[in-house]
Amino acid sequence: MSFTGFLWAFAAAAVLVAGVLSYAASSQPDGLDATTQRGCTMVEVNGTEELHGECIAQSAEEHRFAGSPLADYAIGGNSDLAGLAGIVGVAAAFAVLFAVVRTIRIGRSATRPAARAGEVAARSDAEPE
């Protein structure tokens, strides 16, 4: 299988995992969130969750992409679209990967003919008549 064929197969598997298995993911905090929330309790106040107690998570701030369209594994804040958000994320990552690979291949193919011509010239100079 060629490298490009491998990338297409890997992309298909990634899309399948992102689109289907993301709905089976737990809504509970992951290990890092759970660790930073030790010592605190989550309390619902006016429809939002607040931390009460003393824990590292109280000093956490939102990152600069928190308001972006694909933040928090959702599309526009709609967590029912987690699978679609995963597929869009995988597609964006593979688009970047393919662009990088193509750029590298173009760069390599542009230097190969010159290198081969130099090798041929060096060989013809070294051969006795």
Side-chain angles (χ1 to χ4, degrees):
M1 176 184 280
S2 70
F3 183 67
T4 304
F6 169 77
L7 288 179
W8 280 112
F10 189 77
V15 165
L16 182 67
V17 168
V20 176
L21 293 182
S22 60
Y23 289 107
S26 173
S27 62
Q28 298 300 316
D30 61 14
L32 180 61
D33 284 341
T35 301
T36 61
Q37 292 175 6
R38 285 187 185 153
C40 287
T41 56
M42 191 71 69
V43 178
E44 190 169 331
V45 178
N46 297 328
T48 61
E49 294 179 336
E50 291 183 7
L51 287 172
H52 289 262
E54 291 187 28
C55 63
I56 299 170
Q58 284 187 325
S59 61
E61 297 176 6
E62 288 290 341
H63 55 85
R64 62 181 167 184
F65 297 114
S68 69
L70 296 176
D72 294 328
Y73 308 104
I75 294 181
N78 185 350
S79 60
D80 292 337
L81 299 175
L84 184 58
I87 290 171
V88 169
V90 167
F94 272 94
V96 170
L97 176 65
F98 279 113
V100 169
V101 168
R102 183 163 188 218
T103 302
I104 291 170
R105 282 187 175 178
I106 289 171
R108 284 184 180 174
S109 66
T111 60
R112 282 186 184 164
R116 287 185 185 150
E119 289 172 12
V120 170
R123 283 189 205 146
S124 64
D125 291 341
E127 292 178 9
E129 294 182 19

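Residues take their numbers from the sequence shown, with the count starting at 1. All of these numbers come straight from a predicted model, not from anything done at the bench.
- Closest approach of Q37 to A57, counting heavy atoms only: CG-CB, 3.9 Å.
- Residue F10 places its CZ atom among 12 or fewer non-hydrogen atoms of other residues, nucleotides or ligands, all under 6.0 Å distant.
- Counting heavy atoms from C-beta on, the side chains of F94 and L97 come closer than 4.5 Å.
- Note that CG of D80 is 4.5 Å distant from CG of N78, once rounded to the nearest 0.5 Å.
- Criterion: ILVMFWY side-chain heavy atoms under 4.5 Å apart, direct or through other members. Under it, I87 and V20 are not part of a common hydrophobic cluster.
- Atoms CD and NE2, on E49 and H52 in that order, are 11.0 Å from each other to the nearest 0.5 Å.
- A continuous path of ILVMFWY side-chain contacts below 4.5 Å connects V15 to F6, so both sit in one hydrophobic cluster.
- One distance of note links CD1 of I56 with CG of L32; it measures 9.0 Å at 0.5 Å rounding.
- If you take OG1 on T41 and CD on E50, they are separated by 10.5 Å, rounding to the nearest 0.5 Å.
- Side-chain contact between M42 and L51 is present, with heavy atoms from C-beta onward closer than 4.5 Å.
- Both M1 and V101 are members of a single hydrophobic cluster when ILVMFWY side chains are connected at heavy-atom separations under 4.5 Å.
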* Residues R102, T4; criterion side-chain hydrogen bond (donor to acceptor under 3.5 Å, both in side chains); working and verdict -> CA-CA 10 Å; R102 183 163 188 218; T4 304; over 6 Å; no

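- Transitive grouping of hydrophobic side chains (ILVMFWY, heavy atoms separated by less than 4.5 Å) brings L7 and V90 into a common cluster.
- Between F3 and W8, a ring centre-to-centre spacing not shorter than 6.0 Å is recorded.
- Between E54 and C40 there is no side-chain heavy-atom pair separated by less than 4.5 Å.
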